[in-house]
Amino acid sequence: MTDKEKELLYFHPKHYAVKTCTLDSDTITYRAFIGLDYCLYPVAPVQKLNLYVPEDYYDGKTINGFTIDSAPIFVYNTSSGYMQGDSVKPEKDFFTMRNGCFEALRHGYIVAAPGIRGRNSKDKDSFTGKVPAMIVDLKAAIRYLHFNKDRIPGSTNHIITCGTSAGGALSALAAASANHPDYDPYLEEIGAPKASDEVFAACCYCPIHNLEHADSAYEWMFQGETTVSELIYDFDFSHTPLLLKSMSYKEKTMSSHQLHISEQLRQQFIAYLNSLGLEDDSGNPLTLDSAGNGSFKEEIKKFVISSAQNELDTAKYKLSCSHLYSLLPQNTNIKEQDCFTIKDGKIIDMDWFLFIKSIRRNKFAPAFDDLSLSSCENDAFGTTNIPARHFTAFSYENSERESELAETHIVDMINPVHYIGNAQAAKHWWIRHSIHDCATSLAIPVILATLLKNRGYNVNFELPWGLPHCGDYDMDSFFTWADRLCIEENQPEIL
Ligand code: DHB
């Protein structure tokens, strides 16, 4: 990279606008640095970064103990369904909550809001954002922050990624695969800054990841459930941003062919799970027998019971996220769940089948690698000139369309699990996936959290009770966790 090219990637602190945003009774005032170029050779207009800084820092003030130099940098991506994710602004999200960008600025974090390509990014007749473009862009934006370490506000030692669903997967992936050479040719191609893309922590809401094992995990979890409760979202389109008014289910029945497929996939999951060598917190192996039962299933039951018990005791999520809590169409009142045996206020047992019926499967088999190539994941695995491809050998072999199979290295490059153990991965992980979020099997976040814990990472993992597929909730708890980690790391060592 020449000096002239380097200069094109420099952050200029003088180009900004001061903005305010008031939501409910809280007002934030921030400096917005808009449309920063995080790479030299963008292929889509979305590849720009906005940086938002609480204005109080420029008056020399501190916020929650942070200064303009020490504030963590919250890298928030908006990818959803693996589509292009525009740069976020502080505002209400469609669940009528203040989004993570607003909450982070209010809390004194600096927000880096990259726009990133996705499966629907297009240039004339060619697709420009298929896998791995979305993670390449996120990494390039993180590199921009490190590259401009001495020019931007905030601490590049404390970069924290955040996203929800596909965005949560990308948050996890950026954190797990930091500085991995697999991405170098792609980063080079878009002229990303030559710098590290390491991050300190990842905040991941319902990360829809490990896609090549997500089909089998879904069938393992929903074994015996033949009803698919498709989710219908009812939006108020007169609102900007969109407002989600209500959700309902439309029930359908799986065909005998789908049930046959389900059984084959379930067997695959058992083999995969046992190959991982997972252990619980006491070092006991987490495995499954040939019927799909065993300590791994018991572990998930424990997570579910403990989550339901916490909610029964504290009503934490019901109180802190009432707008989300009320969106689920089914009755989530814990005392009225026929899957739990409750004695003297304690949940002492859980019937797995009644449980999985109550949370409602909402995808047909296969849930991700669709045989007719019509899932968003098929679309994500397309190429510049192929709209959609398979990404599992199973669906490719059983395809109902003339089709191609994505290369293994491409499938790996979008899976954070593939990179766990990478020497430069983030040390700290905040992972949330609601029990009632059936966009993927609960096995998928449990595998991610367990593998990370088993490899010695610091993991804060919960499966909240009673929330739909969503993110950016309970952020005060997240900030308390993240602040402590950032502040602890800044303490001088006591000898
Ligand atoms: C998302 C949801 C899905 O059901 C899925 O398969 C992939 C992504 C999302 O909300 O981003």
Under a 3.5 Å threshold, yes or no: a donor from one side chain and an acceptor from the other, between [X] and [Y]?
| X | Y | value |
| --- | --- | --- |
| Asn310 | Ser307 | no |
| Gln309 | Asp313 | yes |
| Asp369 | Asn378 | yes |
| Asp412 | His409 | no |
| Asn415 | Glu212 | yes |
| Glu279 | Asn454 | no |
| Glu219 | Ser262 | yes |

Ring-ring centroid check Phe222 Trp352, cutoff 6.0 Å: no
Tyr325 and Tyr317 aromatic centres sub-6.0 Å: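 No, the ring of Tyr325 stays outside the 6.0 Å limit from the ring of Tyr317, centre to centre.
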Check [X] against [Y] and note the closest heavy-atom contact, atom names and distance.
| X | Y | result |
| --- | --- | --- |
| His209 | Ala169 | CB-CB, 3.8 Å |
| Ala439 | Ile208 | CB-CD1, 3.7 Å |
| Ser79 | Ala166 | OG-CB, 3.8 Å |

Passing option when Tyr205 is tested against Trp430, Tyr473, Phe95 for ring pair (Phe, Tyr, Trp, His ring centres under 6.0 Å):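 Answer to the ring pair (Phe, Tyr, Trp, His ring centres under 6.0 Å) test with Tyr205 among Trp430, Tyr473, Phe95: Tyr473.
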With Phe381, the ring pair (Phe, Tyr, Trp, His ring centres under 6.0 Å) member among Phe391, Tyr396, Phe127: Phe391
Under-4.0 Å salt bridge between Asp93 and Arg98: no
Non-neighbouring partners of Lys318 that pass side-chain hydrogen bond (donor to acceptor under 3.5 Å, both in side chains), sequence neighbours left out: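 Scan of Lys318 (side-chain hydrogen bond (donor to acceptor under 3.5 Å, both in side chains), adjacent residues dropped) gives none.
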The single option from Ser177, Pro114, Ser196, Pro132 passing side-chain contact (heavy atoms from CB on, under 4.5 Å) against Lys139: Ser177
Option passing salt bridge (charged side-chain N to carboxylate O under 4.0 Å, His left out) with Glu225 (candidates Arg266, Lys363, Lys357): Lys357
Whether His180 and Tyr419 hold their rings parallel, tilted or perpendicular, with breakpoints at 30° and 60°: perpendicular
side-chain hydrogen bond (donor to acceptor under 3.5 Å, both in side chains) partners of residues 433-447, not counting sequence neighbours, each pair once: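 Sorted pair list: Asp437-His469.
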Show the atom names and distances, to 0.1 Å, of all donor-acceptor pairs under 3.5 Å that link a side chain in residues 227-234 to residues at least two apart or in another chain.
{"from": "Ser229", "atom 1": "OG", "to": "Arg360", "atom 2": "NH1", "distance (Å)": "3.0"}
{"from": "Glu230", "atom 1": "OE1", "to": "Lys252", "atom 2": "NZ", "distance (Å)": "2.8"}

